Amino acid sequence: MVNPQAQPTNQGAEILRIVYPHDDSVLLHLSGNWRIGEEVPSSDDTIASLSGRPGLSHLAFDTAGLGNWDTTLLTFLVNLKDWCSANDVVYDTQGLPPGVRRLIDLASAVPERKGVRQEIQTESFFARVGGRGMNVVSSIGETLEFLGATFIAFLRFLSGKASFRRQDLWQFFLESGAQALPIVSLISVLVGLILAFVGAIQLQAFGAQLYVADLVGIAMVRVMGAIMTGIIMAGRTGAAYAAQLGTMQVNEEIDALNTLGVSPLEFLVLPRMVALTIMMPLLCIYADIMGVLGGFIVGVTMLDIGPIQYLIETKNALSLTNVWIGLFHGAVFGVVIALAGCLRGMQCGRSASAVGYATTSAVVTSIISIIVVTAVITVVCNILGI
Amino acid sequence: MNEGEPQIVVKGLDMGYGSFVLMRDLNFTVRKGDIFIIMGGSGCGKSTLMKVLIGLKEPSRGQVFYEGVSYWEAEAEEREAIMKRIGILYQSGALWSSMTLAENVAMPLQQYTTLNERQIKDAVSLKLRLVGLAGFEDFYPSDISGGMKKRAGLARAMALDPDILFFDEPSAGLDPVSARLLDDLILELRDSLGSTFIVVTHELASIFAIATNSIYLDVETRTMTASGDPKKLLHESSDPKVKSFLTRGEEGLQSATGGQREVTK
């Protein structure tokens with residue numbers, strides 16, 4: 001319908017002429033090119049000038065001079081047609097080219113579905129606030145339900161009744177364990193270095209730079225190692241869990257499991273939870289060692305502490321209690337990250353953007369939970385005096 | 001009309017999302033050996049109705065009886081027993097992406113039978129051969145084409161030789177020859193195993209080739225406006241929308257797309 005050859009533009013030419021052959025009828029002369037990019041009259045202006053003449057009952061066209069046309073012409077004509085049917089004016093398409101007539105018929109063939117537009121209308125402020133409030137309540141309910149169902153699945157796992165594939169479990173051990181080592185090494189060494197640098201500046205003022213070893217050792221082992229590992233794993237593994245489960249939701253894979261009578265919680269969530277919960281404390285120990293190594297590098301090379309001296313000081317500073325507290329952090333983070341990732345994945349809607357949202361919200365939920373859990377454990381340790 | 005015993009009976013079913021009612025007051029009976037088509041324009045709730053029938057979505061009102069047992073009022077064990085007798089082919093195939101085709105088809109067998117590994121392997125390769133995928137046992141779903149995924153999904157749906165098979169738009173995305181072969185396969189399975197089929201589709205060629213019974217869901221009145229053998233509906237139905245649907249808009253409804261080419265005056 002559109003001639004691809006370049007045509008002269010409409011500059012200067014009169015492309016719409018409105019003629020009133022009788023008092024009650026109007027004839028529109030269309031000429032020139034009606035294409036995207038051309039200067040054409042707007043339908044609003046035309047309708048405004050037609051509305052200025054009361055008693056119109058017939059609208060016809062003369063397109064003898066019409067050049068090339070595309071959607072630009074169609075939108076103009078369809079708007080006129082809508083105006084005509086709203087104002088009881090006969091819309092005479094005889095003068096239009098046959099192609100235009102057919103497309104206009106096609107555009108008016110399926111009537112607008114009733115009741116669709118009204119349902120998307122905007123809600124009032126109070127309705128929105130109320131809706132959000134109800135959503136919060138129901139999402140807390142969903143989270144608790146998920147928590148309970150996961151716990152039951154875990155009990156079935158302990159009694160050996162849960163149905164999942166062993167090779168999946170090994171795969172998740174690999175993904176959340178060994179494959180995370182490089183990034184955990186990098187981040188932990190750097191955090192150790194940073195702690196040592198920051199501490200050294202203050203401690204040097206008292207000539208007590210040896211205590212950098214104590215500072216780095218206790219900070220890393222007791223809490224920083226676990227927090228840094230937690231944040232890495234939230235971004236790495238938690239997000240991956242949410243994306244995997246979300247995509248399965250989109251592909252109807254989770255429906256297929258449900259209708260087969262296989263619990264997705266046992267089959268998909270459980271191996272992920274178990275793998276991450278077991279691997280997190282191990283990664284924490286590794287991160288602690290890497291952090292101390294970072295402090296060691298600063299201590300030995302910049303602060304002139306002897307290597308043996310540094311290690312002995314670290315050993316004296318650390319008690320087993322610190323190590324246990326660190327490991328406890330790690331294990332709890334593992335549970336929290338896996339729960340957040342799997343929960344968001346299972347709640348995922350059925351579109352690509354829903355998967356993106358699930359992933360983002362898994363990471364945000366994990367990191368917030370990590371910080372909150374750390375605060376709670378720290379306060380409890382403080383009360384218990386350990 | 002098929003005179004077999006009623007297998008699925010739907011009574012007074014309403015369904016929707018939240019306060020939005022998608023379809024109301026659905027009543028129909030699927031008999032043993034039926035090839036039952038759920039038809040209707042896009043967005044009318046065909047797939048949602050299938051979800052309600054296979055227990056994935058709770059109806060807002062009404063009941064679904066499987067041989068007299070109301071699914072949504074049944075205990076968990078009864079529901080599991082019902083689900084065991086059902087095979088489902090999803091619109092996208094819904095193969096489990098972390099497993100090979102053989103593992104996908106084997107999963108229902110491992111879940112519900114006591115066959116040993118060797119027997120499962122044989123059963124799996126038989127099912128894959130039936131759908132023309134012999135030799136693809138060790139492929140992952142991401143390695144094969146959309147049509148092949150659908151056929152693999154069919155092999156999985158048939159794994160337990162179910163009494164009732166649900167197909168959600170089986171021929172969408174298949175070439176005409178494969179779609180025809182799928183129809184033949186459905187007829188073959190019905191005749192040899194006596195299975196019942198519930199098929200969501202708007203592929204007219206398929207509908208006329210296989211259907212023994214059907215319902216038409218109308219999007220505007222939000223209920224079913226016709227039921228019966230589509231071949232009879234084509235000649236006997238007085239509903240212009242049904243007529244228009246079954247003739248691709250050539251007859252019946254005047255405002256339907258296509259067919260009508262007269263100039264608006």
Side-chain angles (χ1 to χ4, degrees), chain A residues 58 60 77-78 81 84-85 90-96 98 100-116 118-120 131 134 138 163-165 167-168 171-172 244-245 247-264 266-268 271 350, chain B residues 18-21 41 43-44 47 50-51 53-57 76-77 79-84 86-99 103-104 107-108 110-112 141 149 153 156-157 159-160 166 168 219-220 222 249 253-265:
Chain A
H58 190 263
L77 293 174
V78 167
K81 180 172 185 182
C84 284
S85 47
V90 174
Y91 186 74
D92 184 351
T93 56
Q94 287 292 356
L96 294 173
V100 175
R101 280 206 308 255
R102 280 202 297 275
L103 286 171
I104 289 179
D105 286 348
L106 197 57
S108 354
V110 179
E112 186 173 315
R113 197 192 289 183
K114 290 176 200 82
V116 177
Q118 289 88 312
E119 276 146 23
I120 320 173
M134 304 279 278
S138 73
S163 62
F164 63 93
R165 304 199 316 157
Q167 67 249 55
D168 281 354
Q171 182 65 30
F172 294 132
Q244 288 163 357
L245 296 181
T247 313
M248 290 187 187
Q249 194 75 264
V250 174
N251 287 344
E252 302 177 303
E253 289 179 45
I254 291 179
D255 286 349
L257 280 176
N258 269 323
T259 47
L260 186 60
V262 176
S263 154
E266 288 176 18
F267 196 79
L268 300 173
R350 290 181 187 265
Chain B
S19 61
F20 177 71
V21 181
C44 71
S47 294
M50 191 178 114
K51 276 192 179 164
L53 295 179
I54 62 180
L56 282 176
K57 183 175 163 46
E77 294 88 44
R79 283 190 188 186
E80 195 171 300
I82 292 172
M83 292 317 293
K84 238 187 255 188
I86 292 179
I88 301 151
L89 170 60
Y90 292 86
Q91 207 164 353
S92 59
L95 297 170
W96 297 301
S97 45
S98 60
M99 302 186 210
E103 287 169 336
N104 263 284
M107 178 90 169
Q110 288 161 346
Q111 190 68 21
Y112 287 124
K149 275 184 208 167
R156 186 181 68 188
L160 291 168
F166 283 89
D168 193 0
V219 71
E220 267 161 37
R222 292 184 185 167
L253 210 56
Q254 278 309 300
S255 69
T257 319
Q260 157 239 30
R261 282 280 182 270
E262 63 192 299
V263 179
T264 315
K265 293 239 171 78

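Computed from a prediction, not measured in an experiment: that's the story for all the values here.
In this structure, A:E252 and B:Q91 approach most closely via the heavy-atom pair OE1-N, 3.4 Å. The shortest non-hydrogen separation linking B:A94 to A:A256 is O-CB, 3.9 Å. Nearest heavy-atom pair across A:E253 and B:S97 is OE1-N, 3.0 Å.
Counting heavy-atom pairs closer than 4.5 Å to chain A, the top residue among B:K51, B:Q110, B:E80, B:K84 is B:K51.
A:N258 CG to B:I54 CD1: the interatomic distance, rounded to the nearest 0.5 Å, is 9.5 Å. Separating the CG atom in A:D255 from the OG atom in B:S92 is a distance of 9.0 Å, to the nearest 0.5 Å. Taking OG of B:S98 as the reference point, atom CZ of A:R165 lies at 5.5 Å (rounded to 0.5 Å).
No part of A:L96 comes within reach of chain B, as not one of its non-hydrogen atoms sits under 4.5 angstrom from that chain. Neither the backbone nor the side chain of A:Q171 has a heavy atom closer than 4.5 Å to any heavy atom of chain B.
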Side chain to side chain contact (heavy atoms under 4.5 Å, CB included) between A:F267 and B:M107, worked out: CA-CA 12 Å; A:F267 196 79; B:M107 178 90 169; 3.2 Å; yes
Trace of the side chain to side chain contact (heavy atoms under 4.5 Å, CB included) decision for A:N251 with B:Y90: CA-CA 9 Å; A:N251 287 344; B:Y90 292 86; over 6 Å; no
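Contact check for B:R156 versus A:L260: no side-chain heavy atoms found under the 4.5 Å cut-off. Side chains of B:I86 and A:T259 form no contact here, defined as non-hydrogen atoms less than 4.5 Å apart.
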